[in-house]
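One structure is given below, encoded as structure tokens.
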Amino acid sequence: MKVVFVGDAYITSEMMRAAAKQILTENDICKFLYFGESNRGEMRNTVKMIEAHRREEIEVPEKLFDEIVDADLLVVHLCPVNRNLIEKAKKLKAVLSCRGGRENIDIDACSEKGIIVTVNPAHNANAVAEFTIGLMLCESRNICRANYALKNGKWREKFPNTATTIRELSDMTIGIIGFGSVGKLVAHKLSVFGCRILVSDPFFKPEPDESYNCEFVGLNALLRESDIVSLHARANGVILGAEQFEIMKPTAYLINTARSIMVDPEALRKALEMNLIMGAAIDVFETEPHIDDFYREFDNITITNHRGGDTINSYSDSPKFSLKNYLGYVNKGSKLIFWANKDAFSAN
């Protein structure tokens with residue numbers, strides 16, 4: 001079997017090689033290529049183009065067009081897999097993506113040729129879930145503000161939430177919007193804190209044999225009752241705008257480690273200005289690395305520079321998972337997880 005790996009500044013060629021060494025055999029032929037700029041900072045604009053569905057405008061490594069001809073598997077992270085590339089493939093059985101988003105892959109072109117596509121939305125799920133809970137604590141317990149004050153020579157004891165309420169998570173209702181890989185992990189990790197957990201996700205259907213330590217409610221009910229609202233959906237439009245902030249408790253906090261587009265920034269600014277909510281913690285922004293000035297102006301907001309999924313585990317483990325997932329399906333008949341074009345195969 002010939003496997004072509006395309007690494008980048010995030011999931012490096014070394015990580016790809018390590019995965020191949022652990023999962024594949026000596027009889028397998030492995031080719032390792034590189035896509036994109038040399039470091040993450042330079043890759044930022046490329047990532048933005050991919051997420052804006054502009055993969056056709058991005059150059060694919062020239063050598064990939066040669067290697068794909070007789071490849072059985074293609075393992076990528078950010079590298080675009082466009083129709084021109086797929087048409088060159090003569091033996092390709094699957095494209096295994098190490099990321100959650102599908103924007104860099106022409107799934108229709110793969111489906112037309114009977115090529116399986118898998119993604120891995122869970123590759124950084126644990127990292128984001130841990131970070132999310134960290135932000136809940138930082139914002140509600142003033143950890144970052146206290147640190148900043150001490151480093152600037154001040155012993156600060158009064159904070160934006162001092163007069164109203166500084167509460168433990170065990171005394172709070174946490175609302176989770178989106179119950180995919182990250183949302184489920186956040187709920188699971190929060191269960192040890194003893195808090196009440198609400199979930200709103202119109203696309204999630206609870207399995208009858210599964211036990212969930214949460215209550216499933218509509219979005220408005222979640223907003224009305226939650227002390228912390230945490231976003232974990234993959235929506236491409238605004239979920240929280242002016243109307244939704246009006247519904248939230250004035251003592252509530254917003255956490256966004258998902259996608260910036262889901263929160264109307266002007267509505268968030270007004271919500272903070274008018275004390276419609278107690279505070280916010282934001283890790284994602286529309287114009288990274290530049291952010292709107294208001295994020296720096298308000299005392300009751302914690303900001304981080306898109307660090308939620310940035311752990312060595314979230315990157316290095318992803319190609320291993322992708323290979324194990326596909327080979328388990330092919331060799332052992334195991335369930336293929338995160339099969340992006342399963343419907344196309346079911347229809348045939």
Side-chain angles (χ1 to χ4, degrees), residues 121 125-126 128-141 160-161 164-206 210-265 267-268 270-272 274-284 300-304 308:
N126 191 69
V128 175
E130 288 183 355
F131 195 83
T132 296
I133 294 172
L135 287 182
M136 291 179 184
L137 291 167
C138 278
E139 180 56 32
S140 64
R141 299 294 299 276
N161 56 357
T164 51
T165 177
I166 297 178
R167 297 162 60 189
E168 299 170 14
L169 289 184
S170 61
D171 189 40
M172 290 188 182
T173 295
I174 314 295
I176 298 173
I177 300 176
F179 207 54
S181 300
V182 179
K184 289 177 184 175
L185 280 170
V186 171
H188 174 71
K189 294 176 187 300
L190 282 173
S191 64
V192 301
F193 287 90
C195 48
R196 179 189 179 206
I197 303 171
L198 303 181
V199 171
S200 178
D201 187 335
F203 304 104
F204 178 75
K205 306 300 180 188
E210 288 283 346
S211 176
Y212 303 98
N213 186 36
C214 52
E215 304 167 40
F216 294 91
V217 298
L219 178 60
N220 285 354
L222 181 146
L223 296 174
R224 278 194 301 269
E225 298 181 42
S226 296
D227 300 298
I228 296 178
V229 174
S230 191
L231 279 166
H232 300 291
R234 293 189 68 86
N236 292 317
V238 173
I239 291 178
L240 298 183
E243 181 181 344
Q244 287 72 37
F245 284 116
E246 290 277 358
I247 298 172
M248 290 174 66
K249 293 180 178 182
T251 54
Y253 304 92
L254 167 67
I255 312 293
N256 189 8
T257 56
R259 290 188 173 186
S260 58
I261 196 171
M262 294 189 291
V263 178
D264 180 341
L268 173 59
K270 288 183 178 179
L272 293 169
M274 299 171 64
N275 299 315
L276 298 179
I277 61 174
M278 179 57 65
I282 308 294
D283 184 50
V284 287
N300 57 337
I301 185 169
T302 299
I303 52 176
T304 51

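Note that the numbering runs from 1 along the sequence shown for the chain.
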Problem set entry | Residues which pass ring pair (Phe, Tyr, Trp, His ring centres under 6.0 Å) with Y212, listed by chain and number, not counting sequence neighbours | F179, F204, F216

Let me have the donor-acceptor pairs involving side chains of residues 228-235, under 3.5 Å, with sequence neighbours excluded, atom names and distances please.
residue	atom	partner	partner atom	Å
S230	OG	H232	NE2	2.7

Looking at [atom1] of [X] and [atom2] of [Y], how far apart are the two atoms once the value is rounded to the nearest 0.5 Å?
{"X": "F193", "Y": "M136", "atom1": "CZ", "atom2": "CE", "value": "9.5 Å"}
{"X": "I282", "Y": "T302", "atom1": "CD1", "atom2": "OG1", "value": "9.5 Å"}
{"X": "F245", "Y": "L240", "atom1": "CZ", "atom2": "CG", "value": "5.0 Å"}
{"X": "C138", "Y": "I255", "atom1": "SG", "atom2": "CD1", "value": "9.0 Å"}
{"X": "L254", "Y": "Q244", "atom1": "CG", "atom2": "CD", "value": "11.5 Å"}
{"X": "M248", "Y": "L222", "atom1": "CE", "atom2": "CG", "value": "9.0 Å"}

Compile the donor-acceptor pairs under 3.5 Å between side chains in residues 183-191 and protein atoms, sequence neighbours left out, one pair per line.
residue	atom	partner	partner atom	Å
K189	NZ	N126	OD1	2.8
S191	OG	H188	O	2.5

For this session: Using distance alone, with no hydrogens and no angle criterion, decide if N161 and R167 have a side-chain donor and acceptor under 3.5 Å apart.
Result: no

For this session: Would you check if there is a donor-acceptor pair between the side chains of T251 and T165 at a distance under 3.5 Å?
Result: no

Minimum heavy-atom separation for [X] and [Y], please, with both atom names.
{"X": "A258", "Y": "N256", "value": "N-OD1, 3.0 Å"}
{"X": "S226", "Y": "A252", "value": "O-CB, 3.6 Å"}
{"X": "S200", "Y": "G218", "value": "OG-C, 3.7 Å"}
{"X": "A267", "Y": "G241", "value": "CB-C, 3.7 Å"}

Exercise. Can you find a heavy atom in the side chain of K249 that is under 4.5 Å from one in the side chain of D227?
Worked result: yes

Exercise. Tell me, do V284 and R259 make a side-chain contact under 4.5 Å, heavy atoms counted?
Worked result: no

Exercise. Yes or no on side-chain contact (heavy atoms from CB on, under 4.5 Å) for C195 and E168, after CA distance, side-chain angles and deciding distance?
Worked result: CA-CA 9 Å; C195 48; E168 299 170 14; over 6 Å; no

List for me each residue that meets side chain to side chain donor-acceptor pair (under 3.5 Å) alongside [X], sequence neighbours excluded, and say none if there are none.
{"X": "T173", "value": "none"}
{"X": "S260", "value": "E286"}
{"X": "E215", "value": "R196"}

Problem set entry | Verdict with reasoning, V238 to M262, per side-chain contact (heavy atoms from CB on, under 4.5 Å) | CA-CA 4 Å; V238 173; M262 294 189 291; over 6 Å; no

Exercise. Does the N300 side chain pair with the main chain of M278, one donor and one acceptor, at a distance under 3.5 Å?
Worked result: yes

Exercise. When you look at D283 and T304, which way does the side-chain hydrogen bond (donor to acceptor under 3.5 Å, both in side chains) test go after all the steps?
Worked result: CA-CA 5 Å; D283 184 50; T304 51; 2.7 Å; yes

For this session: Could you check V217 against V199 for side-chain contact (heavy atoms from CB on, under 4.5 Å), going step by step and ending with a plain yes or no?
Result: CA-CA 6 Å; V217 298; V199 171; over 6 Å; no

